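All of these numbers come straight from a predicted model, not from anything done at the bench.
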Amino acid sequence: MFSQFVLGISSYITALQLIGRYKLWSYVYVSGLISLSLGGIILYLSYISSGYIGDFLVDFYPYDWGKSIIQKVAAAASGLALVTVSFFLYKYIILTVLSPLMGPLSEKLEREISGRP
């Protein structure tokens with residue numbers, strides 16, 4: 001298990017060296033910026049939607065007393081559920097959005113390493 005951890009760290013260091021050697025930092029910056037922006041958008045939409053879902057769920061509460069507490073709990077629970085689902089789907093969304101950028105990066109890196117034009 002420890003050897004796999006060391007292999008992962010050394011592979012990460014090798015990848016950073018290749019990025020620096022072949023001047024591929026622009027790909028890293030653009031993909032990072034897109035990833036952070038998309039993550040922020042997803043969290044913002046989850047926050048906004050949780051209020052609406054909380055309002056929707058409180059309509060099913062039949063009593064008047066404690067309605068504000070139920071609304072806050074429902075909004076918090078729905079926000080937590082949305083963020084959890086978003087974290088599970090985030091990887092797939094990022095792969096889908098960044099695949100047009102990663103294809104040319106892979107081809108460029110393959111050309112640089114193999115030496116073929």
Peer 1: Going through the checks in order, is the side chain to side chain contact (heavy atoms under 4.5 Å, CB included) test met by W65 and I70?
Peer 2: CA-CA 10 Å; W65 58 273; I70 297 297; over 6 Å; no

Peer 1: Check this for me: I69, atom CD1, are more than 12 non-hydrogen atoms of other residues, nucleotides or ligands nearer than 6.0 Å?
Peer 2: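 Not buried by this count: 12 neighbours or fewer within 6.0 Å.
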
Peer 1: Would you find more than 12 non-hydrogen atoms of other residues, nucleotides or ligands less than 6.0 Å from K67 atom NZ?
Peer 2: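 Correct, the count exceeds 12.
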
Peer 1: If you round to the nearest 0.5 Å, how far is OG of S86 from CD1 of I41?
Peer 2: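 Going from the CD1 atom of I41 to the OG atom of S86 covers 12.5 Å.
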
Peer 1: Rounded to the nearest 0.5 Å, what separates atom CE in M102 from atom CG in L109?
Peer 2: 11.5 Å

Peer 1: Working to the nearest 0.5 Å, report the span between CG of L89 and OG1 of T96.
Peer 2: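 L89 CG to T96 OG1: 10.0 Å, rounded to 0.5 Å.
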
Peer 1: Nearest 0.5 Å, what's the CH2-CG distance between W25 and L16?
Peer 2: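 W25 CH2 to L16 CG: 5.0 Å, rounded to 0.5 Å.
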
Peer 1: I42 versus Y47: any side-chain heavy-atom pair under 4.5 Å?
Peer 2: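 Side chain of I42 against side chain of Y47, heavy atoms only: no contact under 4.5 Å found.
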
Peer 1: Same hydrophobic cluster for V73 and V58, using side-chain heavy-atom links shorter than 4.5 Å among ILVMFWY?
Peer 2: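 Not linked; separate clusters.
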
Peer 1: So, for V97 and L38, which heavy atoms are closest and what is the spacing to 0.1 Å?
Peer 2: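 Looking at all heavy atoms of both residues, the closest pair is CG2-CD2, 4.1 Å.
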
Peer 1: Hey, quick one: are Y29 and I34 part of the same hydrophobic cluster, counting side-chain heavy atoms closer than 4.5 Å, chains of contacts allowed?
Peer 2: yes

Peer 1: Does F2 share a hydrophobic cluster with I9, counting links as ILVMFWY side-chain heavy atoms below 4.5 Å and allowing steps through other members?
Peer 2: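 Yes, one cluster joins them.
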
Peer 1: Within a strict 4.5 Å, meaning less than it, do heavy atoms of the Y27 and I19 side chains meet?
Peer 2: no

Peer 1: Can you check ring pair (Phe, Tyr, Trp, His ring centres under 6.0 Å) on Y92 and F88, steps first, answer last?
Peer 2: CA-CA 8 Å; Y92 301 108; F88 284 121; 9.7 Å; no

Peer 1: Looking at S50, is its backbone amide N or carbonyl O close enough to the side chain of S78 to form a donor-acceptor pair, meaning the two atoms are under 3.5 Å apart?
Peer 2: yes

Peer 1: Would the distance check show the side chain of S31 and the main-chain N or O of V28 forming a donor-acceptor pair, the cut-off being under 3.5 Å?
Peer 2: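 Pair found, side chain donor or acceptor close to backbone of V28.
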
Peer 1: Do the side chains of L82 and S49 get nearer than 4.5 Å, heavy atoms only?
Peer 2: yes

Peer 1: Could you give the distance from CG (L24) to NZ (K108), rounded to the nearest 0.5 Å?
Peer 2: 5.5 Å

Peer 1: Can you hop from L95 to V30 via hydrophobic side chains spaced under 4.5 Å?
Peer 2: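 No; V30 is not reachable from L95 via cluster members.
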
Peer 1: For F56, does the CZ atom have more than 12 heavy-atom neighbours from other residues, nucleotides or ligands under 6.0 Å away?
Peer 2: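 Not buried by this count: 12 neighbours or fewer within 6.0 Å.
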
Peer 1: Treat each ILVMFWY residue as a node, draw an edge where side-chain heavy atoms are under 4.5 Å apart, and state whether I13 and V6 are in one component.
Peer 2: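 Yes: a chain of side-chain contacts under 4.5 Å links I13 to V6.
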
Peer 1: Give a yes or no on whether the backbone of S35 and the side-chain of Y90 come within a donor-acceptor separation of less than 3.5 Å.
Peer 2: yes

Peer 1: Please round to the nearest 0.5 Å and tell me the distance separating atom CD of E110 and atom CG of L105.
Peer 2: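 These two atoms lie 11.5 Å from each other.
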
